[in-house]
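So the structure is just underneath, and the comments pick up after that.
This is a predicted model, so every value here is computed, not measured.
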Amino acid sequence: MKVFVAALFEVFWVIGLKHANDFWTWAGTIISIIISFYVMIMAGRKLPVGTVYAVFVGLGTAGTVFSEILFFGEPFKLEKALLILLLLAGVIGLKLVTKCRKGMKLNGVDFFNLSRFVRNDWCCNDK
């Protein structure tokens, strides 16, 4: 779930980089960058970083392309939509084959043994 939230904020900041033109739109863009990378880093603590980054970029790219079409008048091209669907198929495939890293410790604390106290997201649903 964290990777999806990070990708959503990625869409906001990528669009902000193109369309920001005053203090408030630039402030929103910077806040979106901070939130996006923070949540992506948090996701990387449970999942392999390569998978997190691939999903983050794939979903962010798809979201940005579709947002540009829906909200900013970018012309729709069937070829572009098919390639985005291919990209999303790869992202889904990565998600399906990725396992959590059991026993990963941070500062000597095994956070996966604490997982029964927090909501599991994306993985680690097997007991």
Side-chain angles (χ1 to χ4, degrees):
M1 185 68 172
K2 290 178 184 172
V3 179
F4 294 109
V5 172
L8 176 68
F9 279 95
E10 180 190 15
V11 172
F12 293 153
W13 68 257
V14 169
I15 290 172
L17 290 176
K18 180 176 181 180
H19 297 285
N21 56 12
D22 62 18
F23 173 80
W24 293 110
T25 54
W26 278 111
T29 300
I30 292 167
I31 291 168
S32 293
I33 291 170
I34 292 167
I35 292 171
S36 177
F37 280 95
Y38 175 78
V39 175
M40 183 177 61
I41 290 166
M42 293 298 107
R45 291 185 177 179
K46 282 190 175 182
L47 296 169
V49 175
T51 301
V52 169
Y53 186 68
V55 172
F56 171 77
V57 171
L59 293 176
T61 301
T64 302
V65 169
F66 287 126
S67 294
E68 286 286 321
I69 291 169
L70 291 173
F71 303 118
F72 298 103
E74 183 77 21
F76 176 83
K77 293 183 180 175
L78 181 60
E79 300 87 1
K80 188 184 287 190
L82 291 174
L83 289 169
I84 293 295
L85 289 175
L86 180 63
L87 176 68
L88 290 176
V91 166
I92 292 167
L94 279 172
K95 192 263 185 234
L96 292 174
V97 301
T98 299
K99 303 286 184 201
C100 270
R101 296 175 293 189
K102 300 289 184 185
M104 186 179 81
K105 294 184 179 184
L106 180 64
N107 295 330
V109 177
D110 186 352
F111 287 96
F112 293 107
N113 286 335
L114 300 175
S115 64
R116 65 182 175 270
F117 299 109
V118 296
R119 188 177 86 76
N120 292 327
D121 62 346
W122 245 76
C123 67
C124 297
N125 292 326
D126 55 330
K127 296 288 181 190

Give every donor-acceptor pair under 3.5 Å between a side-chain atom in residues 27-39 and any protein atom, sequence neighbours left out.
{"unit_1": "Thr29", "atom_1": "OG1", "unit_2": "Thr25", "atom_2": "O", "d": "2.8"}
{"unit_1": "Ser32", "atom_1": "OG", "unit_2": "Gly28", "atom_2": "O", "d": "2.9"}
{"unit_1": "Ser36", "atom_1": "OG", "unit_2": "Ala6", "atom_2": "O", "d": "3.0"}
{"unit_1": "Ser36", "atom_1": "OG", "unit_2": "Trp13", "atom_2": "NE1", "d": "3.4"}

Worksheet item: What are the two closest non-hydrogen atoms of Leu88 and Ala62, and how far apart are they?
Response: CD2-CB, 3.8 Å
Discussion item. If I compare all heavy atoms of Gly58 with all of Leu87, which pair ends up nearest, and what's the gap?
Written reply: O-CD2, 3.5 Å
Practice prompt. Flag yes if Tyr53 and Leu59 sit in one hydrophobic cluster, no otherwise; membership is Ile, Leu, Val, Met, Phe, Trp, Tyr, and two members link when side-chain heavy atoms are under 4.5 Å apart.
Written response: yes
Discussion item. Would a single hydrophobic cluster contain both Phe71 and Ile15, if residues Ile, Leu, Val, Met, Phe, Trp and Tyr are joined by side-chain heavy-atom contacts under 4.5 Å?
Written reply: yes
Fill in: Residue pair Val11 / Gly60: nearest heavy atoms and the distance that separates them
CG2-O, 3.6 Å
Discussion item. Suppose the criterion is salt bridge (charged side-chain N to carboxylate O under 4.0 Å, His left out): which pairs have a residue in residues 78-89, not counting sequence neighbours?
Written reply: Glu74-Lys80
Fill in: Co-members of the apolar cluster containing Phe23 [side chain, <4.5 Å]
Trp24
Worksheet item: Are Val5 and Met42 grouped together when hydrophobic residues (ILVMFWY) are joined by side-chain heavy atoms under 4.5 angstrom apart?
Response: yes
Worksheet item: For the atom pair CD1 (Ile69) and OG1 (Thr64), what is the distance rounded to the nearest 0.5 Å?
Response: 11.0 Å
Discussion item. Quick check: is Phe76 connected to Val65 through a chain of hydrophobic side chains (ILVMFWY, heavy atoms under 4.5 Å apart)?
Written reply: yes
Practice prompt. State which residues pass salt bridge (Lys or Arg N to Asp or Glu O under 4.0 Å) with Lys77; sequence neighbours excluded, sorted by chain then number.
Written response: none
Worksheet entry | All ring pair (Phe, Tyr, Trp, His ring centres under 6.0 Å) counterparts of Phe72, not counting sequence neighbours | His19
Worksheet item: Looking at CZ of Phe56 and OG1 of Thr51, how far apart are the two atoms once the value is rounded to the nearest 0.5 Å?
Response: 14.5 Å
Practice prompt. Sort and list the pairs that fulfil salt bridge (charged side-chain N to carboxylate O under 4.0 Å, His left out) and have at least one residue in residues 6-32, not counting sequence neighbours.
Written response: Lys18-Glu68
Practice prompt. Treating Ile, Leu, Val, Met, Phe, Trp and Tyr as nodes and any side-chain heavy-atom pair under 4.5 angstrom as an edge, say whether Val14 and Val57 lie in one connected cluster.
Written response: yes
Item to complete: State, with a plain yes or no, whether a side-chain heavy atom of Thr61 is found less than 4.5 Å away from one of Phe66.
Response: no
